[in-house]
Number of protein chains: 2
Amino acid sequence: MTARTTSETARDIPEATVARLPVYLRALTTLVEAGTQTCSSEDLAAAAGVNSAKLRKDLSYLGSYGTRGVGYDVDYLRYQIAREIGVTQDWPVVIVGIGNLGHALANYSGFRSRGFRVVALLDADPERHDEVVAGVDVRAFDDLEQIVADQGVAIGVIATPALAAQAVADRMVACGITSILNFAPAVLSVPDGVDVRKVDLSIELQILAYHEQRKAQSA
Amino acid sequence: MTARTTSETARDIPEATVARLPVYLRALTTLVEAGTQTCSSEDLAAAAGVNSAKLRKDLSYLGSYGTRGVGYDVDYLRYQIAREIGVTQDWPVVIVGIGNLGHALANYSGFRSRGFRVVALLDADPERHDEVVAGVDVRAFDDLEQIVADQGVAIGVIATPALAAQAVADRMVACGITSILNFAPAVLSVPDGVDVRKVDLSIELQILAYHEQRKAQSA
DNA sequence: AAGAGTTTGTGAACGCGAGAACAAAACGAG
DNA sequence: CTCGTTTTGTTCTCGCGTTCACAAACTCTT
Ligand SMILES: NC(=O)c1ccc[n+]([C@@H]2O[C@H](COP(=O)([O-])OP(=O)(O)OC[C@H]3O[C@@H](n4cnc5c(N)ncnc54)[C@H](O)[C@@H]3O)[C@@H](O)[C@H]2O)c1
Ligand SMILES: NC(=O)c1ccc[n+]([C@@H]2O[C@H](COP(=O)([O-])OP(=O)(O)OC[C@H]3O[C@@H](n4cnc5c(N)ncnc54)[C@H](O)[C@@H]3O)[C@@H](O)[C@H]2O)c1
């Protein structure tokens, strides 16, 4: 039992744990849908694809939500994790760059069901501005400031070509966005306090290729 | 200098380093395109967005390709990293599930330029089979075995709904695919020797949401 | 009520990765 | 040739994350 530094919920959750909480959340949702009411750390760990000791340690950072000898109440734990992550209410999100990838993202229903709401699709190309994707119309990139201010947007997604990514990020940061998910293969530089996460397809494939090559060599 | 365990090139590169090599490769490509001939570890580290000590340590696992007092020959280093990763020649890749995301992936030109060639697009839905995406026609999922055998495919991409993902993975593994890039939000179980990497959009957003919530709380 | 059987929560050991710091090597000036 | 400057390659230390292992806590049976 460590002393709480500041107020009630001021726990310091390790980054590695934060990255796994969404995985647990998804596994719990699957269990709920299957009608499961209670599960052991072993069960949940299997569903999430992790070691059960790791799972228990991760959950222990949130508090003590299990019952020894019994396990975890699936629905209760799911709510607790959702609350900790902050997805009990919806986060408004803007997507910039409505090309191939932007279209796919806009059409993706998994956002909505997991705590996010796409409030705007922006593109610099005027030819795109007629279009309506998944019920949201594509607007001019210059509408960014207005939309962010009106809707209180804190999270932005970049799906533009790499060359435009830094400029888009700068505009986002300037108008108050503090979390960016970047799909462009570019290293973004942003001020302190702004979080950037990068999703890079080619890198993932190249990592696979490296291991594939090693397999081929040793065979 | 540690003794080589087996043959000449049998170095054991840490996983964290492997994950960064593609980033360095991309940064070097950018430098080449800018006409740069030589760069220091400091320069390259800045372009890749990492610490220069980390960069040097990473590169040292590949060998000693720099010149003290001078730096690295950009083109030479780029080739060495590409060779180490295994992207000096093209890897054939199949994509399964040609929906929203599958279309975007098929249309993505960044594959080709980074060592990968999409040799087949497969979908279970017969209505998709007329279509041609980026010059490749969509074929029946049942053609998987044939294509993998004919083209020597080792890497598969899964872009089907989550429910179908495990079944698709099983079929892939059965016909000899040993590396899988999975976009479906599902935990895949595969035999030893098969690598799976997962790209999960919602998880990335949820991680951002967590930090966003903390920022809001502390403010 | 007590004991047997489960399962959680956590202390402790261990291994890997990050970064600082420095010695070795190359190069150029004089 | 020698010295100063630059930059690499590597050693060392520290901190984080993973995993084991077990005591504490709960349930159920008798
Ligand atoms: N398509 C994929 O599957 C895929 C996969 C991995 C990475 N990526 C990356 O994602 C990004 C988008 O890929 P894509 O295939 O959708 O490209 P795309 O060319 O189809 O779409 C890019 C869109 O961004 C818009 N745009 C350009 N500059 C802009 C600006 N300054 N402000 C606002 N909008 C702007 C363009 O008008 C276009 O609609 C690229 O960086 C690409 O490398 C794509
Ligand atoms: N669209 C996105 O931006 C996005 C983002 C993140 C994750 N994802 C995930 O990627 C996956 C695909 O998303 P999507 O939006 O393209 O869905 P989608 O429904 O548009 O496409 C799925 C495709 O898979 C095909 N399919 C279904 N079962 C199959 C099977 N057994 N074998 C072969 N093909 C099969 C369907 O016919 C369809 O064409 C989903 O799991 C989704 O959760 C999508």
Side-chain angles (χ1 to χ4, degrees), chain A residues 1-4 11-24 27-28 31 36-78 80-81 84 207 210-211, chain B residues 1-4 11-24 27-28 31 36-78 80-81 84 207 210-211:
Chain A
M1 246 8 116
T2 52
R4 296 281 168 260
R11 281 159 281 235
D12 207 38
I13 299 182
E15 195 52 38
T17 297
V18 171
R20 282 188 295 267
L21 290 180
V23 180
Y24 303 153
L28 286 165
L31 288 175
T36 314
Q37 304 227 327
T38 305
C39 71
S40 68
S41 63
E42 208 73 49
D43 297 338
L44 184 53
V50 301
N51 179 297
S52 70
K54 182 151 64 177
L55 171 81
R56 286 198 301 277
K57 177 152 277 191
D58 283 342
L59 294 184
S60 76
Y61 291 113
L62 311 192
S64 193
Y65 296 132
T67 310
R68 296 174 190 219
V70 178
Y72 300 93
D73 182 291
V74 172
D75 214 51
Y76 179 62
L77 181 59
R78 187 170 68 118
Q80 293 299 339
I81 293 180
E84 190 71 40
I207 295 171
Y210 170 80
H211 292 296
Chain B
M1 240 15 111
T2 54
R4 295 279 169 260
R11 281 160 282 235
D12 208 38
I13 300 183
E15 197 51 38
T17 296
V18 171
R20 282 188 294 268
L21 290 180
V23 180
Y24 304 153
L28 285 166
L31 288 175
T36 315
Q37 305 228 326
T38 304
C39 71
S40 68
S41 63
E42 208 73 49
D43 298 337
L44 184 52
V50 302
N51 179 294
S52 70
K54 183 153 63 178
L55 170 82
R56 286 199 300 277
K57 178 171 269 196
D58 284 342
L59 294 184
S60 76
Y61 291 114
L62 312 191
S64 192
Y65 297 132
T67 308
R68 295 174 191 221
V70 178
Y72 301 93
D73 182 289
V74 172
D75 213 51
Y76 179 61
L77 182 59
R78 187 170 68 119
Q80 292 299 338
I81 293 180
E84 190 71 40
I207 295 171
Y210 170 81
H211 293 295

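So that the names make sense, note that chain A is the first sequence line, chain B the second, and so on, each numbered from 1.
- For the pair A:Asp58 CG and D:dT18 C1', the interatomic distance rounds to 10 Å; values are reported in whole Å.
- B:Tyr65 has no side-chain polar atom (N or O) that falls below the 4.0 Å cut-off from OP1 or OP2 of D:dT7.
- Atom OH in B:Tyr72 sits about 18 Å away from atom P in D:dT6, given to the nearest Å.
- Contact check for A:Leu59 versus A:Ile81: side-chain heavy atoms found under the 4.5 Å cut-off.
- At least one side-chain nitrogen or oxygen of B:Lys54 sits closer than 4.0 Å to the OP1 or OP2 atom of C:dG19.
- The separation between B:Leu62 atom CG and D:dT8 atom P is 14 Å, rounded to whole Å.
- Nucleotide D:dT18 holds its C1' atom 8 Å from the CZ atom of A:Arg20, rounded to whole Å.
- Among the candidates B:Val70, B:Asp43, B:Thr67, B:Asp75, the single residue satisfying the side-chain contact (heavy atoms from CB on, under 4.5 Å) test with B:Thr38 is B:Val70.
- The separation between A:Ile13 atom CD1 and D:dG17 atom C1' is 15 Å, rounded to whole Å.
- In this structure, A:Lys57 atom NZ and D:dC22 atom P are separated by 15 Å, rounded to whole Å.
- With rounding to the nearest 0.5 Å, the separation of OH in A:Tyr24 from CD in A:Glu84 is 13.5 Å.
- A 4.5 Å side-chain heavy-atom check between A:Glu15 and B:Ile207 finds at least one atom pair inside the cut-off.
- Contacts with DNA chain D (heavy atom under 4.0 Å) in residues 38-53 of chain A: A:Asn51, A:Ala53, listed by number.
- Between the CG atom in A:Leu28 and the CD atom in A:Gln80 there is a gap of 11.5 Å [rounded to 0.5 Å].
- Going from atom CG of A:Leu77 over to atom OH of A:Tyr72 covers 7.0 Å, rounded to the nearest 0.5 Å.
- We find the NZ-CG distance between A:Lys57 and A:Asn51 to be 11.5 Å, quoted to the nearest 0.5 Å.
- Taking CG of B:Asp73 as the reference point, atom OG1 of B:Thr36 lies at 11.0 Å (rounded to 0.5 Å).
- Distance A:Leu59 CG to C:dG9 P: 7 Å, rounded to the nearest Å.
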Reading nucleotides 22-30 of chain C from 5' to 3' and marking B where a protein heavy atom lies under 4.0 Å of the base, S where only the sugar-phosphate is that close, and - otherwise, the string is --BBSS---

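- Annotation: the span from B:Cys39 atom SG to B:Leu44 atom CG amounts to 4.5 Å, rounded to 0.5 Å.
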